[in-house]
Amino acid sequence: MSESVPNWLQEKSGTGAGEQPVVIATYRLTRYYGDGVVVRALDGVDMTVHRGEFLTVMGPSGSGKSTLLNLLGALDRPTSGRVIVNGEDLATIRDIDRFRARTVGFVFQLHNLLPTLTARENVEVPMYGQGISKSKMRRRAEHLLELVGLANRMDHLPAQLSGGQRQRVAVARALANDPAIILADEPTGSLDTQSGNEIMELFEHINQTQRTTILIVTHDPRVARRTRRILTMRDGRIVDDHPIQDVVWEDLRDLAQSRLGEMLLKGEDKALLERLGVATSDSVVALRVLRSWLLRVLKGGDEAA
Ligand SMILES: Nc1ncnc2c1ncn2[C@@H]1O[C@H](COP(=O)(O)OP(=O)(O)OP(=O)(O)O)[C@@H](O)[C@H]1O
Ligand SMILES: [Mg+2]
């Protein structure tokens with residue numbers, strides 16, 4: 001616990017020209033459970049997330065995704081290592097409740113709304129104790145419910161809303177204090193495809209319009225494919241990290257649907273090169289690389305062939 005942390009982890013400013021500031025950094029982060037048989041839920045995670053990123057964490061059940069998210073949001077404490085959020089070391093932060101309320105917004109698989117409160121009141125809950133007047137809280141809750149497309153459901157109780165609508169209320173609630181970061185643990189896990197898509201569209205919209213950093217844990221490659229970077233976990237470690245440029249992503253998606261893409265995936269390299277009018281050994285290597293990227297697109301980045 002007394003290890004010194006590299007300076008760049010503590011920096012609030014950017015780490016390079018044109019780069020956004022670091023909003024989340026972990027340093028040799030571990031979380032072990034149990035005293036007899038120790039479970040290494042997190043086993044030395046180093047990661048950096050910049051402001052405005054929209055990323056997913058994937059990986060098999062039990063690989064440590066929720067554990068990581070809970071540590072990033074200060075819902076749990078590490079066994080060792082550091083978590084730095086918005087330039088603050090969570091181990092030394094004075095007012096952790098304030099941090100939780102103001103810096104991060106959580107969305108869980110099951111919305112966790114309070115059943116006796118209306119949609120509007122649920123969105124107001126995180127604003128209590130923040131020195132905000134009642135009328136301002138109300139206006140803000142209404143504004144957020146409009147943002148998530150529930151202007152006509154403000155006074156409904158959770159039980160009177162559909163699953164997708166409840167999850168949208170949960171997103172509005174996560175945004176209540178205008179957090180820098182949204183942490184979402186399988187937010188579409190309990191939803192049908194269409195409601196899941198709507199939640200993802202909402203996250204995209206929030207990420208683009210408010211520059212909120214959004215980190216989503218998911219099992220669903222279709223969800224991951226909509227984000228810009230995919231971290232893959234296995235046995236408490238990050239084993240893969242793919243930042244995907246928008247334009248490359250789009251192009252690869254198009255390619256995957258095309259005849260050339262089909263030939264590429266089938267391994268018809270020779271025919272493909274003939275068709276393109278080239279035939280050198282370098283080209284074969286290039287095709288191999290392209291093929292592995294294409295497989296990543298199709299598998300949602302879970303695993304390259
Ligand atoms: N409170 C706990 N006590 C003991 N072991 C735990 C506890 N919470 C998690 N674990 C263990 O830590 C490991 C990581 O769990 P975690 O919940 O982070 O996995 P996950 O990747 O989120 O899985 P899933 O996809 O199933 O949600 C698992 O082996 C799990 O059994
Ligand atoms: Mg989990």
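Just so you know, ligand 1 is whichever comes first in the structure, and atom 1 is the first atom listed for that ligand.
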Quiz prompt | Residues Asp185, Lys65: salt bridge by 4.0 Å N-O rule | solution = no
Quiz item: Should the pair Asp269-Arg291 be classified as a salt bridge under the 4.0 Å nitrogen-to-oxygen rule?
Solution: yes
Quiz item: Which of the listed options, Ser61, Ala41, Gly62, holds the heavy atom that is closest to atom 12 (O) of ligand 1?
Solution: Ala41
Exercise. May I ask you to check whether Asp240 and His242 show a side-chain donor-acceptor distance below 3.5 Å?
Key: yes
Quiz prompt | Geometric cation-pi criterion, Arg40 with Tyr32: 6.0 Å, 45° | solution = yes
Quiz item: Okay, side chain of Thr188, backbone of Leu191: is any donor-acceptor separation there less than 3.5 Å?
Solution: no
Practice problem: State if Gly59 counts as touching ligand 1 under the rule of any non-hydrogen atom under 4.0 Å. | Solution: no
Self-check item: Proximity winner for atom 25 (O) of ligand 1, if only heavy atoms of Lys65, Arg31, Gln109 are counted
Solution: Lys65
Practice problem: Answer yes when Glu53 and Arg229 have at least one side-chain N-carboxylate O distance shorter than 4.0 Å, and no when they do not. | Solution: yes
Exercise. Could you tell me whether atom 30 (C) of ligand 1 has at least one protein heavy atom nearer than 4.0 Å?
Key: no
Quiz prompt | Nearest-0.5 Å distance that lies between atom CZ in Arg138 and atom CE in Met127 | solution = 11.5 Å
Self-check item: Atom indices of ligand 1, in the order listed, that fall short of 4.0 Å to a heavy atom of Glu186
Solution: 25 (O), 27 (O)
Quiz item: Which residue owns the protein heavy atom closest to atom 17 (O) of ligand 1, what's the atom, and how far is it?
Solution: Ser66 CB, 3.8 Å
Quiz prompt | Contacting atoms of ligand 1, where contact means under 4.0 angstrom from a heavy atom of Pro60 | solution = 21 (O)
Quiz item: Between Asp235 and Arg237, does at least one N-O distance fall below 4.0 Å, as a salt bridge requires?
Solution: no
Practice problem: Determine whether any heavy atom of His219 lies closer than 4.0 Å to an atom of ligand 1. | Solution: yes
Practice problem: Enumerate the atoms of ligand 1 whose separation from the nearest heavy atom of Val39 is less than 4.0 angstrom. | Solution: 11 (C), 12 (O), 29 (O)
Self-check item: Test item, Gly236 contacting ligand 1 (heavy atom, 4.0 angstrom)
Solution: no
Quiz prompt | Asp155 with Arg120: basic N within carboxylate O range, under 4.0 Å | solution = yes
Quiz item: Short check: is a protein heavy atom less than 4.0 Å from atom 8 (N) of ligand 1?
Solution: yes
Quiz item: If you measure only the distance, is there a donor-acceptor pair under 3.5 Å linking the side chains of Thr79 and Thr30?
Solution: no
Practice problem: Tell me which protein heavy atom sits closest to atom 1 (N) of ligand 1, plus the residue, atom name and distance to 0.1 Å. | Solution: Tyr33 CE2, 3.5 Å
Quiz prompt | Protein residue, atom and distance nearest to atom 15 (O) of ligand 1, heavy-atom basis | solution = Thr67 OG1, 3.7 Å
Practice problem: Return yes when at least one N/O/S atom of Thr67 is nearer than 2.8 Å to the Mg ion (ligand 2), and no when none is. | Solution: no
Exercise. Look at ligand 1 and say whether Ser63 reaches it with a heavy atom at a distance under 4.0 Å.
Key: yes
